[in-house]
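Presented below is the structure to which this report refers.
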Amino acid sequence: MPELPEVERFKNFVDRTSLHQKIAFAKLAETDRLFDISAKDLIHILEGNEFEDTYRHGKFLFIRLKRKGYLMLHFGMTGELYYRDPDEKSPKVYVLLIRFENGRNFLFADSRGFGMIAWVHSIEEFIKKRGYGEDALLIDQDSFIRLFRKRRVAIKTALMNQNIIAGIGNEFSDAILFQTKIHPLSNSGKLTIDQFTDIFHAMKKILKESVSHDADRNKLNHYFLLNQRQAGLACPRCEGKTEWQTIGGRSSYFCPSCQKSYQ
DNA sequence: TGACTTGTTCAAAT
DNA sequence: GATTTGAACAAGTC
């Protein structure tokens, strides 16, 4: 599922394929996932325009347009990008199709429809208005600790809350907490400065490494619970076995023997 | 057949 | 007002 590293991969994909080409035409499927602008206005803005540059904040991708603002894409659970020749096989169902003047198609597909498309005038304004936290790769240690110390929810729930920090989802939160031997149900406010410091460094390390491997999960097999997510697995660190529990409305996997809970 | 999965938002509760 | 909780959404997999 697209968390921060996958969105970084989409950003690199756009950089590699789609910048500085004139948009011949744009087509938007009927969708209720378009925000802050009408389909007609968005298409009007896109046609004749060019992608100039890209930015990522948490799980949001912003594509700066040569003329007027940014196209914002959020990938939900199943969002994907394609850049294809017209005669190349490409998904039949898509949310947004952009044809460049060179004849190639840029496609945003999203089979489960949890993604989002918007047009924004300013990235800062968008983030502020919706209350998203700082990006997980950019936040500094002191701010990180200050934010999490005052929360009274499960540490996993806090890590996944995009309004505290942006970019961590269900799978990375489990992997980070396994690394630090902290039970996902631990009360965030009850952890020590040392524990927050550990979580902070584990988070940066896993995210950076994942980004450097283009979000290829197969290259991150040494991070337990990132790819193998099921109950009853042998813990690589102790004699324990993984357990499943719903935390913050999401499936969580952890080792109850070596991940200690702090309440 | 149906339980389970994901990220985000929203409304209700505290 | 701030924070927390949990339901809702779609559709693919097992």
Side-chain angles (χ1 to χ4, degrees), chain A residues 1-11 29-37 56-62 72-81 91-96 108-118 120 123 126-137 143-177 184-191 203 207 210 215 217 225-233 242-254 262-263:
Chain A
M1 300 301 150
E3 300 186 30
L4 187 154
E6 283 84 4
V7 180
E8 188 71 20
R9 173 164 61 80
F10 289 130
K11 172 182 164 16
E30 192 140 320
T31 175
D32 59 353
R33 309 297 296 172
L34 178 65
F35 296 90
D36 304 330
I37 191 170
R56 184 192 53 72
H57 183 92
K59 304 172 193 171
F60 294 90
L61 176 64
F62 301 89
M72 190 286 286
L73 299 178
H74 184 283
F75 297 87
M77 293 169 59
T78 51
E80 276 290 343
L81 293 182
K92 292 212 165 45
V93 181
Y94 55 83
V95 186
L96 176 66
F108 174 60
D110 179 21
S111 65
R112 292 195 204 178
F114 276 15
M116 289 187 247
I117 299 181
V120 303
I123 297 176
F126 174 85
I127 292 165
K128 200 174 159 194
K129 191 174 122 200
R130 303 178 71 127
Y132 298 125
E134 210 173 326
D135 185 83
L137 270 183
S143 310
F144 180 88
I145 295 173
R146 192 161 8 94
L147 286 167
F148 284 84
R149 278 189 85 175
K150 63 181 185 193
R151 293 291 175 151
R152 295 290 176 271
V153 288
I155 181 64
K156 175 185 170 73
T157 309
L159 281 170
M160 290 192 302
N161 184 341
Q162 305 300 302
N163 298 107
I164 304 178
I165 57 167
I168 308 286
N170 195 25
E171 299 180 357
F172 276 87
S173 67
D174 279 351
I176 291 165
L177 291 172
L185 268 182
S186 297
N187 184 328
S188 182
K190 293 291 169 63
L191 299 176
M203 171 182 87
L207 289 178
S210 184
R217 298 291 183 89
L225 292 182
L226 199 52
N227 301 324
Q228 301 164 263
R229 296 177 60 73
Q230 54 177 303
L233 296 176
T242 55
E243 274 185 16
W244 172 89
Q245 194 174 340
T246 300
I247 300 174
R250 292 292 165 263
S251 275
S252 309
Y253 298 91
F254 53 90
Y262 302 85
Q263 302 301 328

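This is a predicted model, so every value here is computed, not measured.
For B:dA3, neither phosphate oxygen OP1 nor OP2 lies less than 4.0 angstrom from any side-chain nitrogen or oxygen of A:W244. Put simply, A:H74 has no side-chain N or O that comes within less than 4.0 Å of OP1 or OP2 on B:dG7. Between A:K59 and B:dT8 there is a side-chain polar atom (N or O) within less than 4.0 angstrom of OP1 or OP2. Within the 4.0 Å cut-off from OP1 or OP2 of B:dT8, not a single side-chain nitrogen or oxygen of A:R130 is found.
Residue contacts for A:M160: at a heavy-atom cut-off of 4.0 Å it reaches no nucleic acid atom on any strand shown.
With rounding to whole Å, A:E3 atom CD is found 13 Å from B:dT5 atom C1'. The CZ atom of A:F35 sits 9 Å away from the C1' atom of B:dT8 (whole-angstrom rounding).
A search for side chain to side chain donor-acceptor pair (under 3.5 Å) contacts involving A:D135 returns A:R56, not counting sequence neighbours.
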Could you go through the salt bridge (Lys or Arg N to Asp or Glu O under 4.0 Å) check for A:K59 and A:E6 one step at a time? CA-CA 8 Å; A:K59 304 172 193 171; A:E6 283 84 4; over 6 Å; no
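Contact detail for A:A154 and A:P184: the closest heavy-atom pair is CB-O, 3.4 Å.
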I'd like to compare against my own output: the B/S/- annotation of nucleotides 9-14 of chain C with a strict under-4.0 Å heavy-atom distance to protein. BBBB--
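Minimum atom distance to the side chain of A:Y132 is reached by B:dT8, of the listed B:dG7, C:dT5, B:dT8. In the set B:dC4, C:dT4, B:dT8, the nucleotide with an atom closest to the side chain of A:S251 is B:dC4.
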